[in-house]
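Worksheet: one structure, shown below.
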Amino acid sequence: MNWKQLISNKRFGLEELHEARKDDRTEFQRDYDRLIFSAPFRRLQNKTQVFPLPGSVFVHNRLTHSLEVSCVGRSLGNDVANRLLAMHPELHDSHIQEIGSIVSAACLAHDLGNPPFGHSGEKAISTYFSEGLGLALKEELSPMEWDDLTHFEGNANAFRLLTHQFEGRRKGGFVLTYSTLASIVKYPFSSQLAGKKSKFGFFLSEEEDFRKIADELGMIRFSAPGEPLRYARHPLVYLVEAADDICYQMMDIEDAHKLRLLTHEETKQLYMAFFDEQRKKRIEEVCHWVTDVNEQVAYLRSSAIGTLIKECTRVFVENEESILAGQFEGALIKHIGDVPKEAYETCSKVSLNKIYRSGDVLDVELAGFRIISTLMELMIDAVRSPEKAYSQLLINRVSGQYNVNAPTLYGKIQAVLDYISGMTDVYALDLYRKIKGNSLPAV
């Protein structure tokens with residue numbers, strides 16, 4: 001793969017109008033702005049990240065997480081671009097300097113396809129088909145369609161959302177650049193290759209869209225004709241993934257401290273482990289003058305993030321050749337230096353035991369699983385049997401942008417998944433209560 005082809009400002013859905021604009025913003029900055037002002041992005045403010053949506057103590061939701069990932073992604077992208085330009089002066093006439101803008105926009109979009117209630121929402125959708133009432137639909141769907149549904153994946157759903165052209169609008173949808181779209185696809189292969197981890201990059205309905213983008217950008221194709229589609233990652237995916245890895249781990253530790261799941265001393269030790277002895281001494285001096293414990297933790301967290309950004313930048317640049325050859329394996333965070341790597345792995349273990357298995361987090365997952373499963377059951381029954389009176393009541397709640405009257409069962413189910421995955425936690429809970437007769441509109 002080569003950088004000049006990999007970074008393209010051609011827009012998906014507006015290829016025939018590919019021309020330079022007279023504007024202060026680049027096309028990649030336009031991507032960022034389109035995402036920031038979009039309704040799906042705003043809805044992230046009411047979607048769970050890890051902890052329940054905030055009460056008296058504000059913790060991260062999907063919106064704040066995405067904004068922070070975008071900031072870290074911009075830093076990673078800018079640092080990498082500067083290093084690459086120093087190594088390859090011939091790239092000065094390319095879009096290489098826009099890597100920071102591309103990664104920043106892709107980071108904003110990386111969670112747009114996630115359903116309500118975090119990862120339990122994804123699990124509820126996939127297990128509805130593999131274990132629940134949806135299992136009865138298997139014989140009515142093709143093997144490839146069935147793989148899509150039983151391995152439902154938020155990343156693939158984000159790609160679907162971002163490439164979807166809304167009906168009745170000539171230029172509907174996000175119409176993002178090819179490079180931004182390619183940079184969010186962490187798993188550039190079909191659901192047939194998802195495996196036990198249920199990770200893949202695009203649904204059957206968007207396979208041709210991804211093929212078009214990947215071929216235009218010169219991404220390496222690993223699959224032969226007739227085999228399940230599989231490509232090498234676009235190199236900037238590694239930076240988007242690293243920004244996400246850095247933020248969710250570092251910010252979850254800070255949130256756990258605010259919620260008193262971790263003591264101040266435990267939190268301090270987790271962050272301090274990222275630094276060598278000389279850096280620890282300087283940080284201790286700062287902490288001596290910063291007496292507020294929350295401000296201390298914020299300073300430690302920002303210092304740890306800075307260390308991880310430098311390490312991930314180094315790993316990317318040192319492995320540029322293998323990344324461009326499609327041979328680099330694993331996430332950048334897995335290849336950082338021994339000291340920060342050990343500290344990161346310690347944070348991961350503590351997060352698993354003390355955060356992700358905490359009572360509040362599990363309660364949200366349990367409730368979310370039940371809510372999503374119930375909505376799936378009722379909505380799929382409604383689109384399959386629209387002649388029923390109750391089905392019409394449910395269908396009338398669905399926006400016209402969702403094609404619940406699709407000609408195939410797969411298309412109808414996808415419309416239901418688009419509708420449910422676009423809900424906020426609050427909307428899904430409210431609809432569930434109304435369906436169950438537990439609440440009525442205010443009089």
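A donor atom on one side chain and an acceptor atom on the other are found under 3.5 Å apart for S348 and Q249. Checked by atom type, the side-chain pair Y410/Q414 shows a donor-acceptor distance below 3.5 Å. Side chain to side chain, H151 and E122 fail the donor-acceptor criterion of an N or O pair below 3.5 Å. If you check the side chains of N157 and S421, you find a donor sitting under 3.5 Å from an acceptor. Donor-acceptor pairing under 3.5 Å is lacking for the side chains of T177 and E27. No donor-acceptor contact under 3.5 angstrom links the side chains of T180 and S183, judged on distance only. Between T150 and S126, the side chains place no donor N or O within less than 3.5 Å of an acceptor N or O (distance only, hydrogens not considered). In the model, H264 has a side-chain atom that pairs as donor or acceptor with a side-chain atom of Q296 under 3.5 Å.
With N2 contributing its side chain and Q5 its backbone, the two residues share a donor-acceptor pair below 3.5 Å. Side-chain atoms of S120 come within 3.5 Å of backbone atoms of F117 as a donor-acceptor pair (strictly under, hydrogens ignored). A distance-only check finds a donor-acceptor pair linking the side chain of T424 to the backbone of Y427 [under 3.5 Å]. No donor-acceptor distance shorter than 3.5 angstrom exists from the side chain of E216 to the backbone of I213, with no hydrogens or angles considered. No donor-acceptor distance shorter than 3.5 angstrom exists from the side chain of D430 to the backbone of V426, with no hydrogens or angles considered. Judged by distance alone, with hydrogens and angles left aside, the side-chain atoms of Q45 form a donor-acceptor pair with the main-chain N or O of R42 at under 3.5 Å. Side-chain atoms of Y271 do not come within 3.5 Å of backbone N or O of I253 as any donor-acceptor pair. The closest donor-acceptor contact from the side chain of D148 to the backbone of L204 lies under 3.5 Å. R233 places a side-chain N or O within donor-acceptor distance of the main-chain N or O of K186, the cut-off being under 3.5 Å. In this structure, the side chain of H65 does not engage the main chain of R62 through any donor-acceptor pair within 3.5 Å.
R160 pairs with exactly one of D209, N155, D418 by the side chain to side chain donor-acceptor pair (under 3.5 Å) rule, that one being D418. Just one of L85, I7, L76 meets the side-chain contact (heavy atoms from CB on, under 4.5 Å) condition when paired with I99; it is I7.
With ring centers used as reference points, F200 lies 6.0 Å or more from F189. Taking the centre of each ring, H164 and F174 stay at or above the 6.0 Å mark. Note: F328 and Y238 meet the aromatic proximity criterion, with ring centroids under 6.0 Å apart. Close placement of the Y231 and F210 rings is indicated, their centers lying within 6.0 Å of each other.
Annotation for K334: atom NZ does not count as buried by contact number, only 12 or fewer foreign heavy atoms lying within 6.0 Å. Atom CZ of R279 has more than 12 neighbouring heavy atoms from other residues, nucleotides or ligands inside a 6.0 Å radius. Remark: K310 NZ is loosely packed, at most 12 non-hydrogen atoms of other residues, nucleotides or ligands lying under 6.0 Å away. No more than 12 heavy atoms of other residues, nucleotides or ligands shown are found within 6.0 angstrom of NZ on K123. A 6.0 Å sphere centred on CG of D338 holds no more than 12 heavy atoms belonging to other residues, nucleotides or ligands.
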Review point. Step by step, would you call F41 with L112 a side-chain contact (heavy atoms from CB on, under 4.5 Å)?
Key: CA-CA 7 Å; F41 185 75; L112 283 184; 4.2 Å; yes
Exercise for review: Using the salt bridge (charged side-chain N to carboxylate O under 4.0 Å, His left out) rule, take D79 and R83 through it: C-alpha gap first, then chi angles, then the decisive distance, then the call.
Suggested key: CA-CA 6 Å; D79 290 350; R83 295 278 295 274; over 6 Å; no
Check your understanding: salt bridge (charged side-chain N to carboxylate O under 4.0 Å, His left out) between R282 and E285: does it pass, once the steps are laid out?
Key -> CA-CA 5 Å; R282 293 201 303 271; E285 290 174 356; over 6 Å; no
Exercise for review: Test E241 against I333 for side-chain contact (heavy atoms from CB on, under 4.5 Å), laying out the working first.
Suggested key: CA-CA 9 Å; E241 179 182 51; I333 205 80; over 6 Å; no
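Salt bridge status for E208 with R211: present, with a side-chain N to carboxylate O gap under 4.0 Å. A salt bridge links R314 and E311; the closest N-O separation between the charged side-chain nitrogens and carboxylate oxygens is under 4.0 Å. Under a 4.0 Å N-O distance rule, the pair E284/K281 does not qualify as a salt bridge.
Contact between F275 and A304 at its shortest, heavy atoms only, is CZ-N, 3.6 Å.
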